[in-house]
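Data first, discussion second: the structure below is written as structure tokens.
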Amino acid sequence: MNEQESPVRLAAWVHGQVQGVGFRWWTRSRALELGLTGFARNLPDGRVEVVAEGSRDHCAQLLAALRSGTSPGRVDQVVERWSAAKGGLDGFAER
């Protein structure tokens with residue numbers, strides 16, 4: 001397995017008006033379409049944290065979707081962090 005095929009973990013913090021607007025449900029739908037595992041959860045400061053694991057290409061597609069302007073609510077900024085997949089995730093949950 002080469003580096004492109006090794007699973008990765010994308011952690012993204014989405015800033016804007018993204019709570020109470022169906023954003024986590026929308027994110028879960030996109031992630032499941034891409035075959036990713038992980039979760040999306042509201043944070044106390046109003047951001048949504050998205051953690052996804054899978055191929056780098058599919059995680060990059062999810063990140064592009066988060067920034068696309070087609071999600072519910074209003075996304076002002078997405079801060080991302082990439083790392084090696086840790087595993088232990090089953091399905092894609094709204095937390």
Side-chain angles (χ1 to χ4, degrees):
M1 193 178 270
N2 66 33
E3 187 177 314
Q4 285 297 321
E5 296 168 349
S6 298
V8 298
R9 174 176 281 220
L10 166 67
W13 293 270
V14 185
H15 301 248
Q17 186 180 345
V18 289
Q19 291 189 7
V21 294
F23 186 85
R24 289 177 302 150
W25 176 88
W26 179 89
T27 300
R28 179 178 181 269
S29 297
R30 302 295 79 75
L32 291 174
E33 288 170 3
L34 292 165
L36 300 173
T37 58
F39 60 87
R41 67 178 167 196
N42 288 338
L43 297 176
D45 63 7
R47 295 176 300 162
V48 169
E49 178 184 27
V50 177
V51 174
E53 287 193 356
S55 73
R56 178 171 287 278
D57 181 55
H58 286 169
C59 286
Q61 288 180 52
L62 178 63
L63 183 61
L66 295 175
R67 291 180 166 145
S68 68
T70 61
S71 67
R74 185 194 75 246
V75 174
D76 295 333
Q77 179 185 19
V78 180
V79 178
E80 68 190 85
R81 185 180 72 216
W82 294 89
S83 60
K86 296 176 183 165
L89 299 169
D90 187 29
F92 200 95
E94 289 178 65
R95 294 186 178 170

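Below, each value reflects all heavy atoms present in this structure, side chains not excepted, and no hydrogens, waters or symmetry copies. As the structure is a prediction and not an experimental result, all values here were calculated from the model.
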Side-chain heavy-atom pair V50, L10 within 4.5 angstrom cut-off:
no

Rounded to the nearest 0.5 Å, what's the gap from OG on S83 to CD on E53? Could you check?
7.5 Å

Got a sec, which residues hit salt bridge (charged side-chain N to carboxylate O under 4.0 Å, His left out) with E80, two or more places apart in sequence or on another chain?
R67

Under the side chain to side chain donor-acceptor pair (under 3.5 Å) test, residues paired with T70 that sit two or more places apart:
S68

For residues 11-21, which residue pairs qualify under salt bridge (Lys or Arg N to Asp or Glu O under 4.0 Å), counting only residues two or more places apart or in two chains?
none

Which heavy atom of A60 sits nearest a heavy atom of W82, and at what distance?
N-CH2, 3.7 Å

Atom CZ of R81 and atom CZ of R9: how far apart are they, to the nearest 0.5 Å?
8.5 Å

Using distance only, find each side-chain donor-acceptor pair of residues 31-41 under 3.5 Å and give its atom names and separation, not counting sequence neighbours.
{"unit_1": "E33", "atom_1": "OE1", "unit_2": "R30", "atom_2": "NE", "d": "3.3"}
{"unit_1": "E33", "atom_1": "OE2", "unit_2": "R30", "atom_2": "NH2", "d": "3.0"}
{"unit_1": "R41", "atom_1": "NE", "unit_2": "E49", "atom_2": "OE1", "d": "2.6"}
{"unit_1": "R41", "atom_1": "NH2", "unit_2": "E49", "atom_2": "OE1", "d": "2.7"}

Identify whether L62 and V14 are in the same connected component of the hydrophobic contact network (ILVMFWY, side-chain heavy atoms under 4.5 Å).
yes

Report all side-chain donor-acceptor pairs from residues 86-95 shorter than 3.5 Å, counting only partners two or more places apart or in another chain.
none

Minimum heavy-atom separation for L66 to A12, with atom names?
CD1-CB, 4.1 Å

If you count every heavy atom of other residues, nucleotides or ligands that lies below 6.0 Å from W25 atom CH2, does the total exceed 12?
no

Any residue meeting salt bridge (charged side-chain N to carboxylate O under 4.0 Å, His left out) with R28, in chain and number order, not counting sequence neighbours
none

May I ask whether V78 and V48 are part of the same hydrophobic cluster, defined by side-chain heavy atoms of I, L, V, M, F, W, Y residues being less than 4.5 angstrom apart, directly or through others?
yes

Nearest heavy-atom neighbours spanning G22 and P72:
O-CG, 3.7 Å

Smallest separation among heavy atoms of A52 and C59, with atom names
O-SG, 3.8 Å

Shortest non-hydrogen contact between W26 and A65, atoms and distance
CH2-O, 3.3 Å

If you look at every heavy atom in Q17 and V21, which pair is closest and at what distance?
O-CG2, 3.9 Å

Find the distance between CZ (R47) and CG (D76) and round it off to the nearest 0.5 Å.
13.0 Å

